[in-house]
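Beneath this line is the structure, given in structure tokens, with notes to follow.
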Amino acid sequence: MGNAISSLWKGITYKGGPGHYAFILHRLTGLGVALFVILHIVDNFVIMFGEDAFSEVLHLYSNPVMRLLEVFLIFSVIYHAFNGLRVIIMDFWAPSSHVQRTLWWLVWGIVLPLSLIAAWFTLAPSSV
Ligand code: HEM
Ligand code: HEM
């Protein structure tokens with residue numbers, strides 16, 4: 001356990017710069033979305049118990065805590081998708097790795113406004 005914590009700490013504090021933080025965030029967002037999909041398959045399954053049960057489960061998603069988690073989910077999907085494209089470009093076109101930092105800022109330039117717009121709609125008061 002002590003070893004696991006110290007290697008986790010080394011992984012976080014490793015002085016790799018933006019590329020390292022891009023990687024950590026890519027892993028966290030990938031795992032986060034994968035975990036959500038499991039929950040999502042379970043929530044979809046509830047339709048087997050009828051429309052009322054399904055509606056009740058879906059209502060859980062409109063409480064403030066779940067909405068905040070949805071904001072993180074949407075951010076995770078958008079970040080993972082665009083940073084994933086950056087990784088794919090670097091994998092297939094080596095010269096682009098020399099501008100990987102610039103590409104990462106470009107990713108943020110796309111991800112941040114899209115996430116903020118999505119967050120606005122997700123957190124807005126709803127009538128349901
Ligand atoms: C537009 C869609 C997606 C793109 C372009 C994409 C791209 C990528 C790429 C390029 C990697 C490898 C990263 C590396 O080599 O450093 C990766 C890793 C990963 N992806 Fe995705 N991905 C997408 C969707 C998803 C989805 C929907 C999930 C979850 C359900 C997911 C979960 C993961 C996980 C868990 C990893 C491993 C991360 C790691 O090893 O650190 N990805 N993705
Ligand atoms: C908050 C965002 C999301 C909402 C509101 C949502 C909503 C829904 C709804 C209503 C369905 C049922 C569609 C139907 O049966 O006609 C569905 C199915 C599904 N969604 Fe999502 N979804 C969301 C995010 C995601 C994400 C991020 C993924 C993938 C990473 C995903 C993957 C799926 C899959 C695989 C199914 C089919 C599940 C099954 O048939 O068991 N969803 N979603």
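Both counts, for ligands and for their atoms, begin at 1 and track the order of listing.
Around the OH atom of Y21, the shell of radius 6.0 Å holds more than 12 heavy atoms that belong to other residues, nucleotides or ligands. Within 6.0 Å of CG on N63 lie more than 12 heavy atoms contributed by other residues, nucleotides or ligands. Within 6.0 Å of CG on D52 lie no more than 12 heavy atoms contributed by other residues, nucleotides or ligands.
From L58, atom CG reaches atom CD of E51 across 11.0 Å, with rounding to the nearest 0.5 Å. Here NZ of K10 is found 13.0 Å from CD1 of I5. Values are rounded to the nearest 0.5 Å. Here the NZ-OG1 distance, from K15 to T13, works out to 7.0 Å after rounding to the nearest 0.5 Å. The structure places NE2 of H80 at 3.5 Å from NE2 of H26, a figure rounded to the nearest 0.5 Å. Here the OG1 atom belonging to T29 is positioned 10.5 Å from the CG atom belonging to L73, to the nearest 0.5 angstrom.
The protein atom (non-hydrogen) at minimum distance from atom 8 (C) of ligand 1 is H26 NE2, 3.5 Å. Looking only at heavy atoms of the protein, atom 39 (C) of ligand 1 is closest to R27 NE, 3.3 Å. Scanning the protein for heavy atoms near atom 2 (C) of ligand 2, the closest one is L73 CD2, 4.2 Å. The protein heavy-atom contact nearest to atom 15 (O) of ligand 2 is N44 OD1, 4.5 Å. Atom 25 (C) of ligand 2 has F36 CE2, 3.6 Å as its closest protein atom, hydrogens excluded (heavy atom only). At the shortest separation from atom 7 (C) of ligand 1 among protein heavy atoms lies G84 CA, 3.7 Å. Protein heavy atom closest to atom 35 (C) of ligand 2, with residue, atom name and distance, is I41 CD1, 4.2 Å. Scanning the protein heavy atoms around atom 22 (N) of ligand 2, the nearest turns out to be H40 NE2, 2.9 Å. Nearest non-hydrogen protein atom to atom 14 (C) of ligand 1 is V87 CG1, 3.8 Å.
By the 4.5 Å heavy-atom criterion applied to side chains, I74 and S115 are not counted as neighbours. Put simply, the side chain of L69 does not reach to within 4.5 Å of the side chain of F36, judged on heavy atoms. Between Y61 and D43, the closest side-chain pair of non-hydrogen atoms falls below 4.5 Å.
Proximity to V33 (heavy-atom distance under 4.0 Å) selects the following atoms of ligand 2: 30 (C). Less than 4.0 angstrom separates some heavy atom of A34 from each of these atoms of ligand 1: 29 (C), 30 (C). Taking every heavy atom of V37 and a limit of under 4.0 angstrom, the matching atoms of ligand 2 come to 29 (C), 30 (C). Atoms of ligand 1 found under 4.0 Å from any heavy atom of I88, numbered from 1 in the order shown, are 10 (C). Shown in contact with A81 at under 4.0 Å from a heavy atom are these atoms of ligand 1, numbered in order with element: 1 (C), 5 (C). In the vicinity of F23, heavy-atom distances shorter than 4.0 Å reach the ligand 1 atoms 41 (O).
For residue H80, an N/O/S atom approaches atom 21 (Fe) of ligand 1 to within less than 2.8 Å.
Ring-centre distance between Y79 and W108: below the 6.0 Å cut-off.
Within a 4.0 Å radius of atom 31 (C) of ligand 1, the protein contributes one or more non-hydrogen atoms. Atom 19 (C) of ligand 2 is approached by the protein to below 4.0 angstrom, counting heavy atoms only.
Comparing heavy-atom distances from atom 29 (C) of ligand 1 across G30, A22, G19 singles out G30 as nearest.
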